[in-house]
Amino acid sequence: MRAVHLENGTVSVRRAAMPRRPDGFSRIRLIAAGICNTDLELMRGYYGFRGRPGHEFVGEVVESADSQFIGRRVVGEINLPCGQCDWCARDLGRHCPRRTVLGIVRHPGAFADFLTLPDRNLHLVPRSMSTERAVFTEPVAAACEILEQVHIPRGQRVAVLGDGKLGLLIAQVLHLHGAHTILYGRHESKLRIARDAGVETVLAPKRMPRADFHFVVDATGSPSGLMTAVGMARPRGVVVMKSTVHGSVPLDAAPVIVNEISLVGSRCGRFEPALRLLPKLNLDPMIAARFPLDHAPEAFAEASRSGVLKVLLTAD
């Protein structure tokens with residue numbers, strides 16, 4: 001089968017063996033997968049990664065001991081916990097110290113003709129939902145995770161920084177939750193996507209508001225984004241950190257300490273709320289390009305270009 005390989009900043013497509021299907025796992029044929037910012041950071045050296053990336057996918061189950069999955073389209077949660085440690089016992093398998101992570105930590109990713117995942121990680125895609133919409137399940141789940149971690153009252157003003165892929169999704173999810181969401185970005189064409197979904201948008205000025213929001217979400221993907229978010233938070237406010245950046249992020253701790261600001265790291269989320277929200281989101285304009293799996297190097301190059309949103313890899 002074909003499989004995408006990342007190593008030393010180079011993207012290639014190689015021949016690989018069909019993945020073995022352990023007990024309790026399904027074998028899945030890839031239909032479509034999305035290249036996200038984490039994949040680009042892995043290419044640049046995040047985690048010292050080398051191997052097969054990809055964790056946003058829709059596939060068809062071709063082999064499973066669970067008959068409900070056979071022949072159906074699925075999406076899959078990306079963390080594979082050990083199921084035996086204290087973290088797993090507390091339903092915190094996403095933080096299991098022995099976990100593997102699809103396409104990121106010791107589990108070959110979805111950018112291949114076939115992949116495997118535990119049956120417990122799989123979720124059926126509704127028959128009425130398009131594959132291109134379903135491929136956003138994982139990042140929408142990451143956006144929904146904010147509401148699991150932080151209580152944001154309906155009507156509360158929330159600033160979201162960054163009009164990239166994740167920022168657009170977060171802004172829409174918080175807006176649907178009922179928050180007065182204001183998305184700050186630097187690209188009018190991207191802001192229009194959120195505005196069409198009912199989100200208030202602002203073309204980011206050189207001088208951002210100071211101490212103006214109780215809740216601020218950094219989704220800039222920029223090393224400087226966190227300090228900007230801290231500056232926008234009111235005393236005893238909350239800054240949610242969603243950016244994954246390879247390398248060090250500068251942070252002046254003084255305003256965090258003096259203003260007693262809470263910093264909340266936020267990563268993966270549950271798929272159930274994401275699947276419920278997907279039909280309500282403005283997603284079609286976020287798909288910038290589609291490439292067949294054989295053209296993965298070109299797909300990564302396109303996804304790396306400034307301003308480009310979601311690039312999809314397809315099996316055909």
Side-chain angles (χ1 to χ4, degrees), residues 1-36 38-40 42-43 46-83 93 96 98-125 127 129-132 134-139 268 271 290-300 303 311-316:
M1 71 171 188
R2 301 166 298 173
V4 176
H5 184 84
L6 298 185
E7 187 169 355
N8 296 326
T10 299
V11 183
S12 61
V13 180
R14 300 181 173 185
R15 301 303 300 178
M18 182 73 72
R20 185 179 63 87
R21 185 180 72 85
D23 291 342
F25 280 60
S26 288
R27 180 176 289 124
I28 303 156
R29 179 182 65 82
L30 178 69
I31 300 173
I35 299 175
C36 79
T38 299
D39 298 314
L40 299 178
L42 292 174
M43 180 182 67
Y46 184 59
Y47 271 141
F49 182 87
R50 61 186 294 268
R52 186 183 311 159
H55 56 274
E56 299 179 6
F57 78 93
V58 178
E60 178 191 357
V61 175
V62 295
E63 188 177 347
S64 177
D66 190 334
S67 60
Q68 69 167 319
F69 293 127
I70 297 293
R72 290 291 304 275
R73 291 177 304 152
V74 294
V75 291
E77 302 200 25
I78 70 174
N79 293 281
L80 287 72
C82 73
C96 167
R98 295 197 292 270
R99 75 186 184 280
T100 61
V101 184
L102 177 69
I104 301 173
V105 182
R106 301 191 311 279
H107 191 91
F111 294 166
D113 284 315
F114 294 90
L115 65 143
T116 60
L117 273 179
D119 296 340
R120 65 175 180 270
N121 286 49
L122 301 182
H123 297 261
L124 294 170
V125 174
R127 296 184 191 277
M129 185 179 293
S130 71
T131 291
E132 291 191 337
V135 84
F136 284 90
T137 304
E138 196 277 336
C268 304
F271 276 29
R290 302 163 182 80
F291 290 84
L293 196 61
D294 284 330
H295 291 265
E298 295 92 329
F300 268 79
V311 173
L312 302 184
L313 285 170
T314 61
D316 301 320

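All residue numbers in this chain count up from 1 along the given sequence. Just so it is clear, the values below take in all heavy atoms, side chains as well, and ignore hydrogens, waters and symmetry mates.
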With a 4.5 Å limit on heavy-atom distance, are the side chains of [X] and [Y] in contact?
X	Y	result
S64	R27	no
T137	H123	no
F57	L115	yes
N121	F25	no
E138	C36	no
R106	R99	no
E56	F136	no
V62	I28	no

Give, for atom [atom1] of [X] and atom [atom2] of [Y], the distance between the pair rounded to the nearest 0.5 Å.
X	Y	atom1	atom2	answer
R72	L122	CZ	CG	12.0 Å
N79	L102	CG	CG	9.5 Å
I78	H55	CD1	NE2	5.0 Å
C96	L80	SG	CG	10.0 Å
F300	L313	CZ	CG	7.0 Å
L293	R2	CG	CZ	4.5 Å

Sorted by chain and number, sequence neighbours left out, salt bridge (charged side-chain N to carboxylate O under 4.0 Å, His left out) with E60 holds for R29
Are any of the side-chain nitrogens in R120 or E77 under 4.0 Å away from the carboxylate oxygens of its partner?
no
Check your understanding: Between D66 (side chain) and Q68 (backbone), is there a donor-acceptor pair under 3.5 Å?
Key -> yes
If only atom types and distance count, is the side chain of H5 paired as donor or acceptor with the main-chain N or O of R50 below 3.5 Å?
no
Heavy-atom pair of closest approach, residues [X] and [Y]:
X	Y	result
D39	G54	OD1-N, 3.5 Å
G34	F111	O-CZ, 3.5 Å
V13	A296	CG2-CB, 3.9 Å
T116	H107	O-NE2, 2.9 Å
A134	V75	O-CG1, 3.7 Å
A112	G109	CB-O, 4.5 Å

Exercise for the section: Indicate whether the side chain of R73 and that of T131 have a donor and an acceptor atom separated by less than 3.5 Å. Expected result: yes
Side chain to side chain contact (heavy atoms under 4.5 Å, CB included) with E132: of V58, L312, T314, only one passes, and it is L312
Residues pairing under salt bridge (Lys or Arg N to Asp or Glu O under 4.0 Å) where one sits in residues 10-23, two or more places apart or in two chains, turn out to be E7-R14, R21-E63
